[in-house]
Protein chains: 2
Amino acid sequence: MKKKNITIYDIAKEANVSPTTVSRVLTNNPLVKESTRKLVLEKMKEMDFTPNEAARSLTKKQTNMIGFILPDITNPFFSQTYIEVERRAHELGYTVLLRNSMNRSEMESTHLREFVQRRVECIVFMGGRINKVDSDPNEVEEMLEVMERVPLIMVNGQMEGVECHRICTNEEDGIRKIVSHLIEQGHKHLSLIGGAEGISTTDVKVKAFQEEIEKKGLEFRDEWQIYSGYDIENGRHAMRELLQKDPRPTAIIGINDMVIYGALKECREQNVPIDNFSFVGFDDIFPSDIVYPSLTTINHNYEMLSTEIVHSVQNIIERKPVEKEILIDTRLVIRESSLVKK
Amino acid sequence: MKKKNITIYDIAKEANVSPTTVSRVLTNNPLVKESTRKLVLEKMKEMDFTPNEAARSLTKKQTNMIGFILPDITNPFFSQTYIEVERRAHELGYTVLLRNSMNRSEMESTHLREFVQRRVECIVFMGGRINKVDSDPNEVEEMLEVMERVPLIMVNGQMEGVECHRICTNEEDGIRKIVSHLIEQGHKHLSLIGGAEGISTTDVKVKAFQEEIEKKGLEFRDEWQIYSGYDIENGRHAMRELLQKDPRPTAIIGINDMVIYGALKECREQNVPIDNFSFVGFDDIFPSDIVYPSLTTINHNYEMLSTEIVHSVQNIIERKPVEKEILIDTRLVIRESSLVKK
DNA sequence: TTGTACGCGTTATCAA
DNA sequence: TTGATAACGCGTACAA
């Protein structure tokens, strides 16, 4: 089953040329006579030759690989971003190395180390440490060390003391769009659930939420803003808490779509009519179109997000000028969950 | 920002030893005096040295990479499988190269070529061409060529004329479990929607469905078995068709969970009470626990699936004996959608 | 316990 | 248009 590794030397011998010439046809060097090129190509086909990328990387000092760290690919928000990045990177000849961190710092470290070792040409970082408002000095130092060797792009995050390229969803504006929409629907009592204090994506949203509410002359109630985490179960807990309040809010915004799924589930289990509330999520992951009621939410513009990521990656690698910070605008997708019923 | 690439030679010079010795500490060779090892490690830290994996791969003739081709990582079925594989592979020191094929043959070819070029040590293949009942001769030939150089494992698929390791979900048994469950619930009129004729995973299910129905003394109605594809929209179409039948079935099985999401959606749009039917899916992807009604479905046992995949990968790479075909049993997860109401 | 010399498969430099 | 020859950075047989 295993063949001997055949190399350009083998091809050279068969074609009666030097290895150099074989290498030339491999790199599409135009300084090769057409007839010899044809001959060499023929022999390569015959012998089923494939150049060894490791050897190539070694001499060319470039691997055509980029590393992508994200918390959890089973979360549609990340997979929807990743797949677009993979596609576009592929078009430009790059191989993406995907690694899940599960938001665990040691995993992130491991992945970073591996990326450096494999000499990826750029690292894209989402989630985890880059969303901590108070960054860990050790993590900062590690990032800086990595960045001395590999350029790094942070997506929807940042670290104090780590200056690098950033591409971010305009989350403030997303929240404003949600608040405006709910007020238009006649709501006066808005709640925000999910997330965690000290995590930048949460803090940004909470701040924007509070500001926008007060700007519109509504009342911000502390007890209607519940930090409860990011997943479905966390959403259930928040909703459970909310249902015990008196008075209750009439509209509920989720830090992401997932927590709203949980909130809906909790209402059902407690036999609380869904219609009692308007719900709005954030991310527009695919299940939001199929849950019941379908979920009003903020779409990240995944296409533009991924386009900008790969675009930046490319320019950074090619040492072209790149904007240090790129903001991606969002879009409010109105579905059933936020429309006034009865 | 860019440092000169520092190598074992630089370390050697700094530590007053030979490059060989540096290499030895890198590979944890015990034949190094403890004091020199310490010295070398120190210098490595000081100079922020990281071995170049490409150079390593070149001499060791092993890359520690495995390739993973699947149709679409945004489909939770695949991401739930992939993430487990990544985790386990990582524990064994392997890097997984993930590539999405979107079920397109040319993409698969591109990815296969790249994998060979990068000298991955094993390829895991899901979806696409390996699910065609009538395999394309060109695709078969390509697979065989690849397999002369890299071992390959097919997950939930096979190709006539391509003998290789296979790890499969026991889909027949899954379908039988569903049918039994529905009959226990008192159903006599079962329908199966989704999938496509000539795709092995579909054909296997359809066949098992028909056989099991007849074995139980029920009637298999051709018009209640609708090939309509694999995604949400396809599920809607099938349901639309089903709603026009007279008589209608009372229980609806989906080729996967996605099509049932579509079916539920279609019922709502047409104001047909969900309660008129029992629904059962296949795959147990995560939204099935949060859609309403929550979906009864077949769980793939992702843990065992991924364990077996990585286990096979490892044994194949290490040339240990491996079972040619491994069957993974499923589990019926009963939720609201299939329980008799009223 | 350590070092020398060579090989891994390619690309790049220079000369022919 | 082609061919020697030297890198690229590391591992390993062999010698010391």
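The chains referred to below are lettered A, B, ... by the order of the sequence lines, with proteins before strands, and numbering in each begins at 1.
Following rounding to the nearest Å, A:Tyr9 (OH) and D:dT5 (P) show an atom-to-atom distance of 11 Å. Between the CG atom of A:Leu58 and the C1' atom of D:dG9 there is a distance of 5 Å, rounded to whole Å. B:Arg24 places its CZ atom 11 Å from the P atom of D:dA13, with the value rounded to the nearest Å. Taking atom CD1 of A:Ile8 as the reference point, atom C1' of D:dG3 lies 12 Å away to the nearest angstrom. B:Leu26 has its CG atom 10 Å from the C1' atom of D:dG11, to the nearest Å. Distance, A:Lys38 NZ to D:dT1 C1': 18 Å, rounded to whole Å. The CZ atom of A:Arg149 sits 13 Å away from the C1' atom of D:dG9 (whole-angstrom rounding).
In this structure, A:Asn64 contributes its side chain and A:Tyr94 its backbone to no donor-acceptor pair below 3.5 Å. Between the side chain of B:Gln80 and the backbone N or O of B:Tyr302, no donor-acceptor pair lies under 3.5 Å.
With D:dC10, D:dT12, D:dG3 as the candidates, the nucleotide lying closest to the side chain of B:Thr7 is D:dC10. Listed nucleotides: D:dG3, D:dC10, D:dC8. Nearest to the side chain of B:Phe49: D:dC10.
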task = Dump the intermediate steps for salt bridge (Lys or Arg N to Asp or Glu O under 4.0 Å) on B:Glu42 and B:Lys38, then the final yes or no.
result = CA-CA 6 Å; B:Glu42 212 169 273; B:Lys38 260 188 65 177; 5.7 Å; no
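For the pair B:Ile69 and B:Phe115, the tightest heavy-atom approach, listed with the atom from each and the gap, is CG1-CE1, 3.4 Å. Residues A:Ile130 and A:Ser200 come closest through the heavy atom pair O-OG, 4.1 Å.
A residue-by-residue look at B:Thr59 and A:Pro51 shows that B:Thr59 has its nearest nucleotide of DNA chain C further toward the 5' end.
Chain B approaches DNA chain C over the interval C:dT1 to C:dG9, counting the first and last nucleotide 5' to 3' with an atom under 4.0 Å from its heavy atoms.
Within residues 27-37 of chain B, the residues approaching DNA chain C are B:Leu31, B:Val32, B:Lys33, B:Thr36, by heavy-atom distance under 4.0 Å.
Counting non-hydrogen atoms under 4.0 angstrom, A:Thr21 reaches the backbone sugars and phosphates but no base. No engagement by B:Pro19 is indicated, since no non-hydrogen atom pair under 4.0 Å with the nucleic acid exists. Heavy atoms of B:Val22 sit nowhere under 4.0 angstrom from any nucleic acid atom.
Under 3.5 Å, the side chains of A:Arg118 and B:Thr95 contain a donor-acceptor pair of N or O atoms.
One distance of note links CE of A:Met65 with CD of A:Glu121; it measures 8.5 Å at 0.5 Å rounding.
Checking the phosphate oxygens (OP1, OP2) of D:dG9, a side-chain nitrogen or oxygen of B:Asn5 falls inside 4.0 Å.
Listed by chain and residue number, A:Glu108, A:Glu142 satisfy the salt bridge (Lys or Arg N to Asp or Glu O under 4.0 Å) test with A:Arg129 (two or more places apart in sequence, or in another chain).
For A:Glu91 and A:Arg88, the salt-bridge test fails: no basic side-chain N is under 4.0 Å from an acidic carboxylate O.
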